[in-house]
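Notes for the one structure printed next.
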Amino acid sequence: MRWLAGVFALCMALSGLVRAEVAEVYDFDTRAEEQRYQQLISELRCPKCQNQNIADSNAPISKDMRDEVYRMMQGGSSNDEIVGALVDRFGEFVQYKPPVDNRTILLWAFPAIATIGGFLIVVGVVWRARGRDDEPPLSSEDRARAEQILASNGDKTERP
Amino acid sequence: MKRIFLFLPLLIALGVGIFLFAGLGKDPTKLESVLIGKPVPDFRLESLEDADTSLTPSVFQGEVSLLNVWAEWCPACWDEHGYLMFLAKEQGIRIVGLNYKDQRETAFRFLNRLGNPYETIIFDPKGTLGFDLGVYGAPETFVIDANGVVRYRHVGVVNQAVWDDVLKPEVQKARRES
């Protein structure tokens, strides 16, 4: 059994060597610029991979896209211009945050619709439950009958 | 009357089911090109065969062509090459090659081994034209009309089925219209 623990320890020790990493390093003049770059690449989607942003992806196309983002940032382009340039080449697929327009309005509005819908259902359920409380209390005749029934039941159970 | 509401969950489940079922057959790895209906992006790149000749979008003027993006390092390009040879030699289709992120040496080795179906080959070692075309995985094949406008983009291998069902109709349409 001890050798198994040894193999495990060896595997753990070597696992540090095989982690994949996005290797290139870019220089930015300011910390804000670097954060802007990180923000941009985390919101752009790799067209080759199915669900990865270009910040995490090692695909060559993602590297090309990061290079382009960096190049355009150095050229003084705005975020919209950079995202627009990539969308013009690869399509809206590369945007994790699609623009709000007629086609995407349902997508964007759905959380609000779901929240409001759920709220209305809760309000409806509570309202109906309240309504039940408002039912007229027992009439005196019903009360007398009920007490009679309870009393007779009590007699039955007390009987040996 | 209230009984109708009991069927609401069933209706919602059916609606969601139909919506999801419609998406089942689609291949999420194939994206439609945004360049369709637009001219080929501007470029000036060397010809693979001759470094002194520079090629521009004018190579697409005058005749409907296929633009095939390939590289020696791309395994699927080896697979489809035989069919491209057939299209060029037997069917007389004009194919322009875009040698993508490759080296001259390896590209020539590839062509010497498998044959050359291309009328002309654009050499794009840095992948700049590929990037402008939105190429995200070789092989890709574009249908370009006689005015140099992109008509269609196919991602993946070209074979008999793809040619018959997809590319041939697009080529014929482009020929009729230009």
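All values below were derived from every heavy atom in this structure, side-chain atoms included, with hydrogens, water molecules and symmetry-related copies excluded. Chain naming here is simple, since letters A, B, ... match the order of the sequence lines and numbering starts at 1 in each.
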Enumerate, by atom name, each donor-acceptor pair separated by under 3.5 Å where one atom lies in chain A and the other in chain B.
from	atom 1	to	atom 2	distance (Å)
A:Gln50	NE2	B:Pro28	O	3.4
A:Asp64	OD1	B:Lys101	NZ	3.3
A:Asp64	OD2	B:Lys101	NZ	2.5
A:Arg89	NE	B:Asp132	OD1	2.8
A:Arg89	NH2	B:Asp132	OD1	2.8

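Residues B:Val149 and B:Phe142 do not share a hydrophobic cluster, defined by chaining ILVMFWY side chains whose heavy atoms lie under 4.5 Å apart.
Under the ring-ring contact (aromatic ring centres under 6.0 Å, His included) criterion, no residue pair touches residues 11-66 of chain B, with sequence neighbours excluded.
When all heavy atoms of B:Ile95 and B:Pro117 are compared, the closest pair comes out as CB-O, 4.0 Å.
Of the listed residues (A:Cys49, A:Gly91, A:Pro47, A:Ala85), the greatest number of heavy-atom pairs within a distance under 4.5 Å of chain B belongs to A:Pro47.
Looking only at side-chain heavy atoms (C-beta outward), B:Pro41 and B:Leu133 come within less than 4.5 Å of each other.
Under the side chain to side chain contact (heavy atoms under 4.5 Å, CB included) criterion, A:Gln35 pairs with A:Arg31, not counting sequence neighbours. Listed by chain and number, the residues in a side chain to side chain donor-acceptor pair (under 3.5 Å) with A:Ser139 are A:Asp142 (sequence neighbours excluded).
In this structure, chain B has no heavy atom under 4.5 Å from any part of A:Val94. In this structure, no portion of B:Val155 lies under 4.5 Å from any heavy atom of chain A. If you measure heavy-atom distances from A:Phe93 to chain B, the contacts under 4.5 Å come from the side chain alone.
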Just do the side chain to side chain donor-acceptor pair (under 3.5 Å) check on A:Gln39 and A:Glu43 with the steps written out, would you? CA-CA 6 Å; A:Gln39 177 77 17; A:Glu43 284 174 7; 2.5 Å; yes
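Applying the side chain to side chain contact (heavy atoms under 4.5 Å, CB included) test between B:Leu66 and each of B:Val96, B:Leu87, B:Ile144 identifies B:Leu87 as the sole match.
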